[in-house]
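Contents: one structure, followed by commentary.
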There are 2 protein chains.
Amino acid sequence: MSAAKKTPKVKDTPKNPRIGILIADDHSVLRQGLVSLIGFEADMIVVGEASNGREAVDLWRQQRPDVILLDLRMPELDGVGVIKQIRADDENTRIIVLTTFDGDEDIYRAIQAGAKGYLLKDVPREALIDSIRRVYAGETCLPVHLANKLAERIRGGSVSEREIDVLKLMAQGKSNKEIGSVLFVSAGTIKSHVKSIFAKLNVNSRAEAVANAAHRALIQL
Amino acid sequence: MSAAKKTPKVKDTPKNPRIGILIADDHSVLRQGLVSLIGFEADMIVVGEASNGREAVDLWRQQRPDVILLDLRMPELDGVGVIKQIRADDENTRIIVLTTFDGDEDIYRAIQAGAKGYLLKDVPREALIDSIRRVYAGETCLPVHLANKLAERIRGGSVSEREIDVLKLMAQGKSNKEIGSVLFVSAGTIKSHVKSIFAKLNVNSRAEAVANAAHRALIQL
DNA sequence: TGTTTACTCCCCCGAAAAGGGGATTGGAGA
DNA sequence: TCTCCAATCCCCTTTTCGGGGGAGTAAACA
């Protein structure tokens with residue numbers, strides 16, 4: 001079950017294999033930063049750069065990197081989609097999510113999908129390099145406050161898919177009746193959903209629910 | 001009124017002065033990316049790196065760079081604050097805002113405060129380098145869609161400070177009466193504010209107003 | 001100077017939301 | 001199997017919202 005069972009596709013020095021890394025981020029400046037940082041490490045090498053999700057999957061199939069640094073917010077195919085596709089092919093792939101936002105929902109979905117690490121982009125470089133080595137070694141790597149958020153998210157009871165549908169329409173200013181017509185159920189049903197949403201988010205108005213849900217990245221605005 | 005009236009503090013080659021650049025961003029990876037990218041340009045040099053707003057102002061005072069690449073979201077002192085402080089000292093300073101978000105309000109406030117350029121972090125490297133040269137040369141540099149947003153924002157009529165106060169409290173789920181008590185005015189007054197907020201944001205419910213305001217970065221969630 | 005604009009306050013009224021209760025179905029898990 | 005829970009629907013009441021109108025003050029701007 002070693003990650004390197006498929007001989008790493010590093011073109012040189014077969015006697016000193018380096019950790020092959022694939023970078024997937026739509027921000028070219030950030031990609032450059034990662035390439036540059038990793039370039040300082042003798043035991044690592046960047047084997048590919050993708051600027052969107054589809055490219056990331058393609059490059060992964062070609063290069064079979066040891067570790068993937070993945071942004072969640074990307075065009076074409078988002079990070080969670082990338083994780084799912086890649087792990088459908090090889091569930092041992094080491095994926096580190098590297099993102100700006102720390103909305104609960106993003107973390108949760110990434111970890112659910114099989115990410116082994118989750119870092120915020122403001123990590124100092126040592127922590128980043130350290131995480132790559134640890135995830136490559138098979139460890140799971142989560143900053144403390146993110147682990148806490150995960151725990152909290154599990155404690156708090158999850159908001160169901162249906163409730164998120166309702167939340168999205170709520171954020172568009174729709175009334176219960178309007179939401180009902182969109183979702184083909186009665187306004188009363190929506191009312192019940194709204195009540196349970198309030199309970200789960202611990203809020204007491206639609207406006208607050210929208211603010212809270214956006215903050216938790218349950219919905220995108 | 002030349003930007004280089006204060007002889008650039010580049011330590012070498014006085015006969016071939018390079019554009020001195022200060023980078024201010026709390027994401028170390030991104031800073032590294034910028035340093036690396038700028039390193040490829042013969043006519044540019046990074047004279048300092050700041051990881052928060054206060055550092056940025058301090059470094060600016062020491063180094064007097066020709067151009068500043070500035071993130072708006074930073075700890076200690078935010079980007080707009082940095083712009084204001086620096087331009088209070090020298091209103092000719094060339095500042096390029098480089099940020100992830102394109103909420104109308106951020107752009108507006110940065111430009112108001114005196115930024116000469118505004119780039120999103122997903123710009124290709126050529127565009128970034130080009131913008132640095134152009135802003136150094138005295139031009140103002142805004143991507144088309146950002147310029148459009150600015151125009152739209154001016155057309156749409158600005159949301160007043162008071163209205164933003166109301167919006168913030170609205171996002172906390174407070175009723176008109178509750179908002180009134182917090183702001184020491186009557187519920188009827190709040191109602192008037194809410195009405196004009198709806199008109200300005202072109203929405204028709206509190207939930208939608210909160211979503212819209214967050215999207216425009218009028219309020220932070 | 002006059003005009004605009006932000007902020008404050010008031011009226012009315014119908015529709016919607018908030019908060020409480022209960023009930024049924026069907027599926028997932030103990 | 002039985003229990004839990006999501007999802008659906010219904011009842012009730014009180015409060016808030018949203019849309020309509022008008023109006024006064026003070027400050028800023030032309």
Side-chain angles (χ1 to χ4, degrees), chain A residues 104-105 108-109 112 153-214 216 218-219, chain B residues 105 108-109 112 152-214 216 218-219:
Chain A
D104 310 21
E105 194 62 16
Y108 183 74
R109 287 174 56 218
Q112 278 285 33
R153 138 92 210 218
I154 290 162
R155 257 202 2 258
S158 54
V159 178
S160 70
E161 282 302 313
R162 196 55 159 176
E163 287 161 350
I164 289 179
D165 292 340
V166 174
L167 269 169
K168 284 177 182 165
L169 294 163
M170 243 164 62
Q172 291 166 27
K174 292 193 162 41
S175 72
N176 290 340
K177 198 197 293 179
E178 289 171 324
I179 297 174
S181 352
V182 174
L183 300 181
F184 302 109
V185 296
S186 79
T189 300
I190 303 303
K191 217 172 158 182
S192 299
H193 287 314
V194 171
K195 273 193 283 192
S196 64
I197 288 170
F198 285 5
K200 286 177 180 174
L201 298 186
N202 191 31
V203 300
N204 48 35
S205 85
R206 313 192 135 214
E208 196 179 0
V210 167
N212 192 298
R216 293 196 187 190
L218 286 169
I219 58 175
Chain B
E105 195 61 18
Y108 184 73
R109 286 173 57 217
Q112 278 286 28
E152 187 182 345
R153 138 94 211 216
I154 290 163
R155 258 202 4 257
S158 54
V159 178
S160 72
E161 282 303 311
R162 196 55 161 176
E163 287 161 350
I164 289 178
D165 292 340
V166 173
L167 268 168
K168 284 177 184 164
L169 293 163
M170 244 164 61
Q172 291 164 28
K174 292 192 163 40
S175 71
N176 290 339
K177 198 198 292 180
E178 289 171 323
I179 296 174
S181 357
V182 174
L183 299 181
F184 303 109
V185 296
S186 81
T189 300
I190 302 303
K191 214 172 161 181
S192 299
H193 287 316
V194 171
K195 272 193 284 192
S196 63
I197 289 170
F198 284 5
K200 286 176 180 175
L201 298 186
N202 191 30
V203 299
N204 46 35
S205 85
R206 312 189 141 222
E208 197 181 358
V210 168
N212 191 298
R216 294 195 188 191
L218 286 167
I219 58 175

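No experiment lies behind these values; they were computed from the predicted model shown. Lettering follows sequence order; numbering is per chain, from 1.
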B/K191 (side chain) and D/dG18 (base): donor-acceptor pair under 3.5 Å: yes
Measuring to OP1 and OP2 of [N], would you say a side-chain N or O of [X] lies under 4.0 angstrom away?
| X | N | value |
| --- | --- | --- |
| B/T189 | C/dC7 | no |
| A/N204 | C/dG19 | no |
| B/R162 | C/dT8 | yes |

Look up atom [atom1] in [X] and atom [atom2] in [Y], then write down how far apart they are to the nearest 0.5 Å.
| X | Y | atom1 | atom2 | value |
| --- | --- | --- | --- | --- |
| B/L218 | B/L201 | CG | CG | 6.5 Å |
| B/I190 | B/M170 | CD1 | CE | 10.5 Å |
| B/K177 | B/S186 | NZ | OG | 12.0 Å |

Please report, rounded to the nearest Å, how far the [atom2] atom of [N] is from the [atom1] atom of [X].
| X | N | atom1 | atom2 | result |
| --- | --- | --- | --- | --- |
| A/F184 | D/dT8 | CZ | P | 13 Å |
| B/E178 | C/dA17 | CD | P | 18 Å |
| A/E208 | C/dA17 | CD | C1' | 15 Å |
| B/E163 | C/dT5 | CD | C1' | 10 Å |
| B/K174 | D/dC17 | NZ | C1' | 18 Å |
| A/M170 | C/dA16 | CE | P | 16 Å |
| A/F198 | C/dG20 | CZ | C1' | 15 Å |
| B/K177 | C/dA18 | NZ | C1' | 14 Å |

When you measure from the side chain of [X], which nucleotide among [options] comes out closest?
| X | options | answer |
| --- | --- | --- |
| B/K200 | C/dA6, C/dA16, C/dT8 | C/dA6 |
| B/S160 | C/dA16, C/dC7, D/dG18 | C/dC7 |
| A/S175 | C/dT8, C/dA16, D/dG18 | C/dA16 |
| A/S186 | D/dC9, D/dG18, D/dT16 | D/dC9 |
| B/V185 | C/dA16, C/dC9, C/dG21 | C/dC9 |
| A/H193 | C/dG20, C/dA18, D/dT8 | D/dT8 |

Show the nearest heavy-atom pair for residues B/H193 and B/R162, with the distance to one decimal. NE2-CG, 3.7 Å
Please compare B/V203 and B/S192 by the position of their nearest nucleotide in DNA chain D and report the one closer to 5'. B/V203
Checking the side chain of A/E163 only, and the main-chain atoms of A/S160 only, is there a donor and an acceptor separated by less than 3.5 Å? yes
